Amino acid sequence: RRRAVTRGGFTLVELVVALALGGIVTASLLGVLSGTRRLAQVHAIRVEWAEALRTAESVLVGELRFLDPRADIYEVGADSLALRAFRGSGVVCRVVNGSILVRYQGVRAPEPAKDSLLVVDAPGRERALPLEASDRMEGGCALRDGESLYRLHAGEIVAVGALVLVFESASYHLAASALRYRRGLSGRQPLTAEIVDDGASTFTLYPDEPAFEATLVLEPMGGSGSGNTARIRVGLLNGAPAEEGGP
């Protein structure tokens, strides 16, 4: 007796339908993944822009706000800014064997390889001196909160009570796709990611206001997509012209 054998399987139509549905699902998943990737890229670009602008604003405002543009800013070009970058200040409390003891506060310690001194020992009288040596001291002068004691050698006698400002000659540049900082003769170090269109970005000094403005044009990595333009404006508090009849 012969028995009929039944075998399960797909017809050609069913196979075609299954392949079509699979292709639709795959295309949908690829579209979702592509959109998610694009959103992640846009978010990363926006974060990069925000970080670059935050860094540039913090640095430029911190350096410039309290400068006298007539004395402390050496030169401003479309893509460069040369200035005295102040790193700290103190008051001379003692004179010992040709060196001065200074009650000092600052963003960092005085460094002879980098810094010079601006001494103010009378109203309107300033003189720049080299910083030949610097040593942290313990004892010798009474200190206030936040102060440290340093022995500085400037090559000249400075009177007790004189104000001493520690500064380095430095410059900022819009170059090689970034805002860059240069100290002395050293190379230009990047402060932001390399996403600045240095050909379109500019520095401008307005001496009559007085104010400084940086116009930064930022581009995403790789130069793809549209850029973002931002202006950082800094009012120079010590550069206001004297009133008529004033000092």
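Keep in mind that what you see is a predicted model, and the values were worked out from it rather than measured.
In this structure, the separation between CG on D135 and CZ on R151 is 5.0 Å, given to the nearest 0.5 Å. Here the CG-NZ distance, from L131 to K114, works out to 12.0 Å after rounding to the nearest 0.5 Å. Taken from OG in S169 to CZ in R183, the straight-line distance is 11.5 Å, to the nearest 0.5 Å.
Here F212 and Y206 keep their ring centres 6.0 angstrom or further from each other.
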Which is it for E209 and R233 under the salt bridge (charged side-chain N to carboxylate O under 4.0 Å, His left out) test, yes or no, and what are the steps along the way? CA-CA 12 Å; E209 296 190 32; R233 194 173 183 87; 2.6 Å; yes
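Between V91 and V102, the closest side-chain pair of non-hydrogen atoms is not below 4.5 Å. Between L60 and R65 there is no side-chain heavy-atom pair separated by less than 4.5 Å. Side chains of I195 and E48 form a contact here, defined as non-hydrogen atoms less than 4.5 Å apart. Within the 4.5 Å cutoff, the side chain of L64 has heavy atoms near those of the L236 side chain.
The existence of a salt bridge linking D115 and R84 is excluded, since no basic side-chain nitrogen approaches an acidic carboxylate oxygen closer than 4.0 Å. Using a 4.0 Å cut-off between charged nitrogen and carboxylate oxygen, E194 and R180 count as a salt-bridge pair.
Placement of L83 and V120 within a single hydrophobic cluster is found when ILVMFWY residues are connected by side-chain heavy-atom separations under 4.5 Å, directly or transitively. Neither L163 nor V166 shares a network with the other; the hydrophobic side chains, linked directly or stepwise wherever heavy atoms of I, L, V, M, F, W or Y lie under 4.5 Å apart, form separate groups for each. If you chain together hydrophobic residues whose side chains sit under 4.5 Å apart, Y172 and V61 fall into the same group. No continuous path of ILVMFWY side-chain contacts below 4.5 Å connects I100 to F167, so the two sit in separate hydrophobic clusters. Under the 4.5 Å side-chain contact rule for hydrophobic residues, V164 and L129 share a cluster.
Summarising the geometry of V95 relative to V160, their closest heavy-atom pair is CG2-CG2, 4.0 Å, with the distance given to 0.1 Å. Minimum interatomic distance between V196 and S201 (heavy atoms only, all atoms of both residues): CG1-OG, 3.5 Å.
By the side chain to side chain donor-acceptor pair (under 3.5 Å) test, R87 pairs with E63, E168, Y181, sequence neighbours left out.
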